[in-house]
Amino acid sequence: MAVTAPPSGQPDPENPLTEGLERLPVAPTTLVIFGATGDLAQRKLLPALYNLAHDGALPERFHLVGVARKERDHDDYRTECEEAIRRFSRRAPDAEVLGALLANVKYVPGTFDDPAVYASLSDVLDGFEQQAGEPLNRAFYLSTAPSFFPVIVGELGSSALAHHEHGDVRVIIEKPFGTTLQEARELNHSVLAIFKEAQVFRIDHYLGKETVQNMMAFRFANGMFEPLWNRNYIESVQITAAEELGIGSRADYYDSAGALRDLIQNHMLQLLCHVAMEPPVSFTAEEVRNEKVKVLQAVPMPTPEQIAQMAVHAQYGAGQSGGESVPGYLEEEGVPQGSTTETFAALRLEVDNWRWAGVPFYLRTGKRLARKITEIAVTLKPVPHLAFSQEGSLGVRPNQLVLTLQPNEGVSLSLGAKIPGTRMIIRPVNMQFQYGTAFLSQSPEAYERLITDAMRGDATLFTRNDEVEAQWRICDPIVSAWGDSREPLPSYAAGSQGPVEAEGLLRADDRWRAI
Ligand code: BG6
């Protein structure tokens, strides 16, 4: 049966499957975006706000304030917002909805360390409240270079903006949350000196993806998987986040990050947590995050000797992508000469607990690989005995459950089936569920869900302080071992499956899935 989904936050009265989907309304809020003219704000945040407005999912009283260094007046900024929305929104904007959203937008220019900026901001926020005749919640979104996070948080504290007598104040912090364990701890320390943990929303946009949330539904709303979901039946878990694109114009950021910090430390470890966590007692922020932290704590911190056996990094060279010749990483604009930043990283991790001991979790990510694919493949153990003839058994493969997060979101299960005919010959076939055909609706962008959750004060899909530190605990030793390494950095051709060295991580019977 085809199912259409209601706009976010609202039940669809025509559709029995959406009963009970009402969520708490979002209280009147002013959202302040620091870094308001930057790439993320333009490409993701403003379009997300437009789409929320379109779905009626913003509070009835909603204001937006952009803060950035560039000199602009309110009207210039409104025009800039409109252009960004027209360019990047998943829906063509409706003039009335767009007009109503932009009417409530203001801009404060200045540098993030200048107390005068916070004084102006405070006036704007007070002005909105006077106009509304009621206090408004405040959400500060830090969409800036990470070096400004402690600066902005400190200034919000000293300008008394971190507290509001009559409303809630929240701070939303973009990634990367630190570049080492030490930095993450220091940042947590600075943030938690001003805000309470319940006011802090650390973004990992993967958690806002429909398909990542669907993993919870898949595991905890279906009885059939739980008996199999352990070391007795599962041979290995393989998580891939491959990208076809290179680093584009982001050399500045990317060269100091690399693939491990950019994707594994946050997004991919979150995916691992979703596969490995125990069912939470309830879907509250604390219960869900408690279970995820336990998974991360069960991943042993690799010793320097182990790192060479369980981690591979590499950099792309020139090659073919989308039918065109593309340059190698070192020839990309803005990349320092001789950079040894990895654009590919693969790890073999273990989760040392009762459920998972001995099951390898393979994580692999890279830029300029053959195509864009994000998936989780769970391979079951082979059957203990094959009664078929040798010819019949040749095509028998262990069952594999694949959750595709993007593109073509869905779930598939491979099964062995007899090929029609007079002989008993078996080959794998796939049973498939696809989001696109099962629910005839467009999924909201991750940021739409995350922005409303943060304004609502629901931190379930955000990373807690101990969680982010537990992620760094796993990645930190690898980052520093790679930094100290004198071995030449392996390379792979752009558009390929990645470096051959990644094969070395696999156990004898395991194979990387084709990208
Ligand atoms: C971001 C990384 O967090 O995630 C980017 O900084 C990466 O380098 C992106 O391209 C991938 O996100 P998605 O949603 O396209 O899988």
Side-chain angles (χ1 to χ4, degrees), residues 35 38-45 47-48 51 88 90 141-146 149 172-179 184 201-215 239-272 274 313 315-316 321-322 326 329 332-335 339 341-345 363-376 403-409 435 442-451 461-463 468 471-472 475 479 494 498 515:
D39 214 46
L40 182 74
Q42 308 262 312
R43 284 174 185 272
K44 298 287 180 189
L45 307 184
N51 282 293
F88 298 115
R90 67 186 166 91
Y141 197 124
L142 277 47
S143 166
T144 64
F149 297 164
I172 305 165
I173 305 181
E174 258 303 328
K175 70 169 268 247
F177 199 88
T179 63
F201 295 78
R202 297 174 193 78
I203 290 256
D204 182 319
H205 81 277
Y206 266 48
L207 296 180
K209 286 184 190 277
E210 282 289 322
T211 37
V212 175
Q213 293 164 54
N214 190 44
M215 287 194 54
I239 307 179
T240 300
E243 295 185 87
E244 188 181 356
L245 295 178
I247 55 152
S249 55
R250 296 170 78 215
D252 250 9
Y253 155 74
Y254 196 86
D255 197 67
S256 60
L260 187 85
R261 286 185 173 113
D262 189 41
L263 255 104
I264 293 192
Q265 181 272 335
N266 34 62
H267 309 326
M268 296 192 76
L269 286 179
Q270 285 292 336
L271 298 183
L272 180 147
H274 279 73
H313 62 324
Q315 195 181 71
Y316 64 82
S321 181
V326 292
Y329 179 71
E332 298 276 19
E333 203 186 318
V335 171
S339 163
T341 296
E342 82 283 358
T343 59
F344 175 98
L363 272 51
R364 171 179 56 157
T365 185
K367 301 272 183 203
R368 278 278 186 243
L369 291 168
R371 66 182 171 125
K372 167 117 182 150
I373 173 96
T374 311
E375 63 167 33
I376 299 170
L403 296 110
T404 308
L405 308 184
Q406 55 190 6
N408 306 326
E409 294 86 347
Y435 252 73
Q442 202 184 32
S443 292
E445 284 265 341
Y447 280 97
E448 295 172 34
R449 172 70 195 256
L450 295 175
I451 291 172
L461 302 181
F462 295 84
T463 320
V468 90
Q471 291 172 333
W472 274 119
C475 294
V479 170
I515 290 175

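We number each residue from 1, following the sequence as shown. One-based numbering, in listed order, for ligands and for the atoms of each. For clarity, every value in this text was computed on a predicted model and none was experimentally measured.
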Distance only, no hydrogens: is a donor on one side chain within 3.5 Å (strictly under) of an acceptor on the other, for E174 and S143?
no
As an exercise, identify every atom of ligand 1 less than 4.0 angstrom from a heavy atom of K367.
5 (C), 7 (C), 8 (O), 10 (O)
Do T463 and D204 have side-chain atoms, one donor and one acceptor, less than 3.5 Å apart?
no
Output yes when the distance from some N or O of ligand 1 to some N or O of H205 is under 3.5 Å, and no in every other case.
yes
Note: ligand 1 atoms sitting under 4.0 Å from heavy atoms of H267 are 1 (C), 3 (O), 4 (O)
Once you round to the nearest 0.5 Å, how far does CZ of F177 lie from CH2 of W472?
11.0 Å
Is K209 in polar range of ligand 1, meaning some N or O pair under 3.5 Å apart?
yes
Which residue and non-hydrogen atom of the protein lie closest to atom 15 (O) of ligand 1, and at what distance in Å?
K372 NZ, 2.7 Å
Looking only at protein heavy atoms, which one is nearest to atom 10 (O) of ligand 1, and how far off is it?
E243 OE1, 2.6 Å
Give the residue and atom name of whichever protein heavy atom lies nearest to atom 6 (O) of ligand 1, and the separation in Å to one decimal.
D262 OD1, 2.6 Å
Spacing of Q265 atom CD and Q270 atom CD [to the nearest 0.5 Å]:
9.0 Å
Please check: side-chain N/O of K372 versus main-chain N/O of L245, any donor-acceptor pairing under 3.5 Å?
no
Logged contact type for Y206 with ligand 1, heavy-atom cut-off 4.0 Å, is side chain
Is it the case that the side chain of T341 and the backbone of G258 share a donor-acceptor pair, with hydrogens and angles ignored and the cut-off at 3.5 Å?
no
Any side-chain heavy-atom pair from L271 and L405 closer than 4.5 angstrom?
yes
K175 heavy atoms, cut-off 4.0 Å: which ligand 1 atoms fall inside?
1 (C), 2 (C), 3 (O), 6 (O)
